[in-house]
4 protein chains.
Amino acid sequence: MTNKEPKLTKKQIAILEAATDLFAEKGYAGTSTSEIANKAEVAEGTIFKHFKSKKGLLLAVVSPMMVKWIAPMIKKDLNKVLDQEFEYIQDFIRAMIENRKEFIQNNLPMLKILVQEIPFHPDLKEKFIEYVGNDVFDKLREIVTYYQEKGQLADIKTDAIIRTVASSILSYIVARYVFLPEINWDEEEVETERIIQILEKGIIQKA
Amino acid sequence: MTNKEPKLTKKQIAILEAATDLFAEKGYAGTSTSEIANKAEVAEGTIFKHFKSKKGLLLAVVSPMMVKWIAPMIKKDLNKVLDQEFEYIQDFIRAMIENRKEFIQNNLPMLKILVQEIPFHPDLKEKFIEYVGNDVFDKLREIVTYYQEKGQLADIKTDAIIRTVASSILSYIVARYVFLPEINWDEEEVETERIIQILEKGIIQKA
Amino acid sequence: MTNKEPKLTKKQIAILEAATDLFAEKGYAGTSTSEIANKAEVAEGTIFKHFKSKKGLLLAVVSPMMVKWIAPMIKKDLNKVLDQEFEYIQDFIRAMIENRKEFIQNNLPMLKILVQEIPFHPDLKEKFIEYVGNDVFDKLREIVTYYQEKGQLADIKTDAIIRTVASSILSYIVARYVFLPEINWDEEEVETERIIQILEKGIIQKA
Amino acid sequence: MTNKEPKLTKKQIAILEAATDLFAEKGYAGTSTSEIANKAEVAEGTIFKHFKSKKGLLLAVVSPMMVKWIAPMIKKDLNKVLDQEFEYIQDFIRAMIENRKEFIQNNLPMLKILVQEIPFHPDLKEKFIEYVGNDVFDKLREIVTYYQEKGQLADIKTDAIIRTVASSILSYIVARYVFLPEINWDEEEVETERIIQILEKGIIQKA
DNA sequence: AATGAATGAGTCTTCATTCAT
DNA sequence: TATGAATGAAGACTCATTCAT
């Protein structure tokens, strides 16, 4: 209950928002601090008073997302699974997808930044793995094992299943929102169901 | 279709190789032309003699990949499909994956560049869509329709099927080679078969 | 002569001490006001409330030294000479050296600052000349003339003698404390006597 | 005989000259690279093409002086001493002073820079000690020992004698040219002889 | 064709200083 | 009185690009 929420000032928020938009649009290396200052309507020096460096600003943009989004999502969802709120894994997956939609759309730029910058910033990758790699992956393994024991999941290596489901979802998100946002996609619901359906039956039929 | 194969000189090749490596490693915006000149053991001016600008160099790095890889792959494979060399779609997919493996590994950096830079360069995206979006997508539609008519593919929207298969394959490649190259993956063959198996049966079982 | 002893507050003293240390260590131009504020555990603004500008702070650091040290030293010592407390000039010189030793060591940083910054600050130089050049030099001339008349000093131009003695002493101090503090020097007393001995006999002997 | 003389271009010389003047006048930290570029009539980037950093420029300004001046001076002079060209140490000292006068006046700014910046740049000090500390000091010790054995020098610790003579000369130079150039000094010759005379007889006379 | 010296706009960052609180 | 957030000019340094050789 200790309120360690950093109490951001208006200027700090303005800087973070400007940086988020610009990093997402033009990439970290392609964005200059003066552009950020400009967009945030703040002096350039102000950026460096609050965030020690440009890199510090990147971390400040991306870190809360990792903390606030990924970690609790897993904790809550895991508990729901263990409390048997989701009898079928389909329900779990559907909940996971539906559940985050709003967040995804609100935080799309951050997601974009995360995806785009991870290959270039070892420290970002480390932070990411620290949050997701250990905590989240462990919980996911628990969940998969749980459904495998209930006989609802194919008897494939746990990690391969996680990768498959995760990439089914992520590749959809990344393709849809990050790489090709201007293509006409079906409505959300249809896509969600199609993902589930494919995971259920595959797409190849016996003749 | 005009065979303008440009007869690259040694220096030009050196520049292209250096640029490819560096762009892949540090990103386009994060790489300086002097670094490229350095790595290619060439004077800075030489780069600009051959490729008008840094952007021109990026296009020169990425374009041949789009031309040489994607286009012919489709042509050949499509013909094989139409010539009934692949009776089952599994065979087609397996061939497609196996077939490119060598190429993927040789041209990984270019793939990385393509994936990483597309969001920031509208002209790159246009070129990409021009090659893939129209040519390739049309052919893929033909193939999918072909197998759907043979009753081997679920009666889902053609484009959704393409997206599903493509993202199954691509997300594996991207995850494996671009984002998380240091994780221990199974051997290639196992992964290939798993992709096919999942496309066949899904991963969810009736209890 | 007006006793404007300014009743320094704790914060003012902290600032002056921090500034003294940092200016001595890194030079005036190489020290930032924020470093000073940091070391003094004071807000940046506080510095400018008390000392109008960075330059003002430099003057505040250096001025009292000139006032408190050089001026009275001459007055007292001169009187002692005139009161015939020092029969031989050797005694006068020895007293002058011994006398200031503690002060030198306590105020070494200020001395360092004075020596290092004088070439870059005309106003500092002016102040220095104002104090030393006129007051002190005049008194020194009196003293030298006094001993010359007593036949204890060679019949060399008064100013040259002053310069010789002063530089004998100062060059020792500057070399020892400012430029090469890490070299092993003899003990203080030995050095003091050596300076006097050299002034007495020189170092060159008739063969 | 290998001509490793770095073959400086016109621009490089212009930069070095401008930097030398400005560093001497305003100090290293007080001089901006844009000022230097301005004075040298060169683009700012050009400075960094030739001298990797501002610090590199400082070293380039100061290093040749240490190499070209101090080292050979000792070698030549030492040989002359050993070849008995100077029977009396007075002659040696006089030669040393007279000898360098031109050089001192031509390279005064560099000397100023060296004296002023050494306290702030450990690497400068190291380089200086590397050149002077070891080579030169050793040779000086040889010379002093030589004259001590001839009975021409007082039987004082060798290092103390060196310090005394060196500081007699240096303090004169530093005072005259670096700190108080505007005071009226006697003509060169008179000062030279006075230094020698003092070293010979001291300034204090038995009554 | 190839060089690499030269450029100056632009980069990230620091600075001394101000001012509302 | 004291603060420290805010400033924007200036700092060192890098960049893509040009051009005389």
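In what follows, chains are A, B, ... by sequence order, proteins preceding strands, each numbered from 1. Bear in mind the structure is a predicted one, so any value in this text is a computation, not a measurement.
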Just the dot-bracket of DNA chain F, please: which string comes out with Watson-Crick or G-U pairs under 3.5 Å, [ ] for crossing, | for another strand? .||||||||||||||||||||
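Taking OG1 of Thr33(D) as the reference point, atom CD1 of Ile15(D) lies at 11.0 Å (rounded to 0.5 Å). Between the OG1 atom of Thr20(C) and the CG atom of Asn107(C) there is a distance of 9.0 Å, given to the nearest 0.5 Å.
Looking at which nucleotide of DNA chain F each of Lys11(A) and Glu44(B) is closest to, the 5′-most match is held by Lys11(A).
Taking 4.5 Å as the limit, some side-chain heavy atom of Leu16(B) sits within range of a side-chain heavy atom of Leu57(B). Between Glu117(A) and Val62(A), every side-chain heavy-atom pair lies at or beyond the 4.5 Å cut-off. Using a 4.5 Å cut-off on side-chain heavy atoms (C-beta onward), Ile129(A) and Lys125(A) make contact.
A pairwise comparison of heavy atoms in Ala19(C) and Val61(C) identifies CB-CG2, 4.0 Å as the closest pair. Residues Gln116(C) and Pro119(D) approach most closely at NE2-CB, 3.3 Å, considering heavy atoms.
Residues passing the salt bridge (charged side-chain N to carboxylate O under 4.0 Å, His left out) test with Lys52(B): none are found, sequence neighbours excluded. Remark: Thr46(D) pairs with no residue by the side chain to side chain donor-acceptor pair (under 3.5 Å) rule, at least two apart or across chains. The salt bridge (charged side-chain N to carboxylate O under 4.0 Å, His left out) check on Glu35(C) picks up Lys26(C), with sequence neighbours excluded. Applying the salt bridge (charged side-chain N to carboxylate O under 4.0 Å, His left out) rule to Lys39(B) yields the partners Asp21(B); only residues at least two apart in sequence or on another chain are considered. Here Lys55(A) pairs with Asp123(A) under the salt bridge (charged side-chain N to carboxylate O under 4.0 Å, His left out) rule; sequence neighbours left out. Partners of Phe23(D) according to the ring-ring contact (aromatic ring centres under 6.0 Å, His included) rule, which considers only residues two or more places apart in sequence or in another chain, are Tyr28(D).
Of the residues in residues 14-26 of chain C, none lies under 4.0 Å from DNA chain E by heavy-atom distance. Across residues 47-61 of chain A, Phe48(A), Ser53(A), Lys54(A) each have a non-hydrogen atom less than 4.0 Å from an atom of DNA chain E (numbered order). Non-hydrogen atoms lying under 4.0 Å from DNA chain F are contributed by Ser34(D), all within residues 34-43 of chain D.
Within the nucleic acid shown, Ser32(C) comes within 4.0 Å of sugar-phosphate atoms alone, with no base atom in reach, counting heavy atoms only. Here Thr33(A) lies in heavy-atom contact (under 4.0 Å) with a base.
For the pairing with Ile13(D), the side-chain contact (heavy atoms from CB on, under 4.5 Å) check across Lys11(D), Glu17(D), Lys10(D) returns one residue only, Glu17(D).
You can see that DNA chain F meets the heavy atoms of chain B within a 4.0 Å-exclusive cut from dC15(F) to dT18(F), reading 5' to 3'.
Identified under the ring pair (Phe, Tyr, Trp, His ring centres under 6.0 Å) test for residues 29-58 of chain C, with sequence neighbours left out: none.
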